[in-house]
Protein chains: 2
Amino acid sequence: MSISIAIVEDLDEVRNGLKSFLSLSKGFAVLATFKTAEEALVDIPVLKPDIVIMDINLPGMNGIECIRQVKTKVPATQFMMFTVYENDEKVFEALKAGASGYLLKNTGLLQLIEALKELHSGGSPMSANIARKLVTVFRENEKKAEPVEALSARENEILLLLSKGLLYKEIADQLSIATGTVRQHIHKIYEKLHVENRTEAINKAFGKN
Amino acid sequence: MSISIAIVEDLDEVRNGLKSFLSLSKGFAVLATFKTAEEALVDIPVLKPDIVIMDINLPGMNGIECIRQVKTKVPATQFMMFTVYENDEKVFEALKAGASGYLLKNTGLLQLIEALKELHSGGSPMSANIARKLVTVFRENEKKAEPVEALSARENEILLLLSKGLLYKEIADQLSIATGTVRQHIHKIYEKLHVENRTEAINKAFGKN
DNA sequence: TGCCCAATAGAACAAAAGTTAGTTCAGCCG
DNA sequence: CGGCTGAACTAACTTTTGTTCTATTGGGCA
């Protein structure tokens, strides 16, 4: 059973080249090729290919928007970005829209073949430069769950409970201290973080915005 | 100028195999190999290799902890995980600790060579299955910045201001409406989200836990 | 046209959050 | 040792939040 492919790419040369190459490759069948997102939008939901190879820069609607709209109709189809765009915004938008693989156009055809197989078996093949961007944002997001330096252990403990939306009374019960004590701790937390209420403290400590 | 490598791997067969292969490969120089994290901890800060190939499962200290400790001393050195572990926790811990590449041990040696070159030039080569995990958590984190379906436009607007820690009065001023109206909107927001206070609403709407 | 809903407003009240003040205790420093 | 500091604790008091009601306006829809 071969992997069925659709290609969305406006440049004749690239589109035809890909089609020829994949058609000759064992295990692949090119179901259709499209010059524009609008055409793809109509046919892909009917064809339901295993994989769509998608360019970003297209006349009219771009490839990312195309994925966003088509993905809901064919959730099983995997989207492989194949583009020259390497800037953060485009990359992240594409992944958010539903692309699972992301190769730059300088990728060799043999590597493309490998990547398509990996994509089809549930992986997310991507160029190393693209993966690095993901790693970077991942580290950014993660470091926001660590205890805050300036606060004492007790204060961090209370801040954590506070961030879950517990009442002073509930925090007090959980720690077996008086609610007055909780108040005091929280007051000191606000002081140290230079904020004036619960929400600001949580934003400051756990990073959002 | 060839890429200098250190290898940390307890299995003799794998360690020696890697060393032999890389030594023969053009453009690579193996500076040292280690059987344990403890040994690596001492020598890597001195050797400052371009790349460390790191196993996770080691006797004594594991490879992730080793990276965490060494990374601060040699920030320029890149760490390539090379392991059989594929479970989310290990993968994410490793990346957080400072690994930039992550290959599974079923990766071919030629692909390893390619990956090391990519790592050295600033990329994050990783097995497709590993990259998929990253894409998945990325999507999770991203979807938390979108307006909440069930709420009206006005309610979302107010929820956003609320999440910044503004007082009712400040929200009212900013929107040029009465504070009573703000109360009313917020009350309806809580109702729709099935929560009872500001913090719970924010957590529910913007995702954290 | 009549009905429903979102947005607006106000007011009274209860509950929770935030402020201020003060105690105890443990560790540090000269 | 005595004095100082910071963490943990408590309570009285003020401000903000959240609840409950009631009411008006304008838009969309059957």
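Using modelled atom types, no side-chain atom of Lys188(B) and backbone atom of Arg183(B) make a donor-acceptor pair closer than 3.5 Å.
Lys35(A) and Asp10(A) are not joined by a salt bridge, as no carboxylate oxygen comes within less than 4.0 angstrom of a charged side-chain nitrogen. The pair Glu93(A)-Lys96(A) counts as a salt bridge, with a side-chain nitrogen and a carboxylate oxygen less than 4.0 angstrom apart. Salt-bridge check for Lys105(A) with Glu9(A): passed, with a basic side-chain N closer than 4.0 Å to an acidic carboxylate O.
The two residues Glu155(A) and Ser152(A) come nearest to each other via the heavy atoms OE1-N, 2.9 Å. Minimum interatomic distance between Ser100(A) and Leu119(A) (heavy atoms only, all atoms of both residues): CB-CD1, 3.7 Å.
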Residues 36-49 of chain A, side-chain donor-acceptor partners within the protein, below 3.5 Å, at least two apart:
from, atom 1, to, atom 2, distance (Å)
Thr36(A), OG1, Glu39(A), N, 3.2
Thr36(A), OG1, Glu39(A), OE2, 3.4
Glu38(A), OE2, Met61(A), N, 3.0
Lys48(A), NZ, Pro45(A), O, 3.4

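For Ser152(A) and dG6(D), the shortest distance from a side-chain N or O to OP1 or OP2 is not below 4.0 Å.
For residues 69-100 of chain A, the ring-ring contact (aromatic ring centres under 6.0 Å, His included) pairs, not counting sequence neighbours, are Phe92(A)-Phe138(B).
Put simply, NE2 on His185(A) is 12 Å from C1' on dG6(D), counting in whole angstrom units. The separation between Glu191(A) atom CD and dA7(D) atom C1' is 13 Å, rounded to whole Å. As a whole-Å value, the separation of Glu155(A) CD from dC9(D) C1' is 13 Å.
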**Asked** When every nucleotide of nucleotides 14-28 of chain D is labelled 5' to 3' by its protein contacts under 4.0 Å (heavy atoms), B for base, S for sugar-phosphate only, - for none, what sequence of letters results?
**Response** --SBBBBB-------
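In this view, Thr136(A) and Arg132(A) satisfy the side-chain contact (heavy atoms from CB on, under 4.5 Å) rule, not counting sequence neighbours.
Inter-axis angle, ends of the helix from dT1(C)-dA30(D) to dG30(C)-dC1(D), five pairs per end, rounded to 10 degrees: 40°.
Bounding nucleotides for the chain B contact on DNA chain C, 5' to 3', at a heavy-atom distance below 4.0 Å, are dA6(C) to dG10(C).
Within 6.0 Å of atom NZ in Lys19(A), 12 or fewer heavy atoms from other residues, nucleotides or ligands are found, so the atom counts as exposed in its surroundings.
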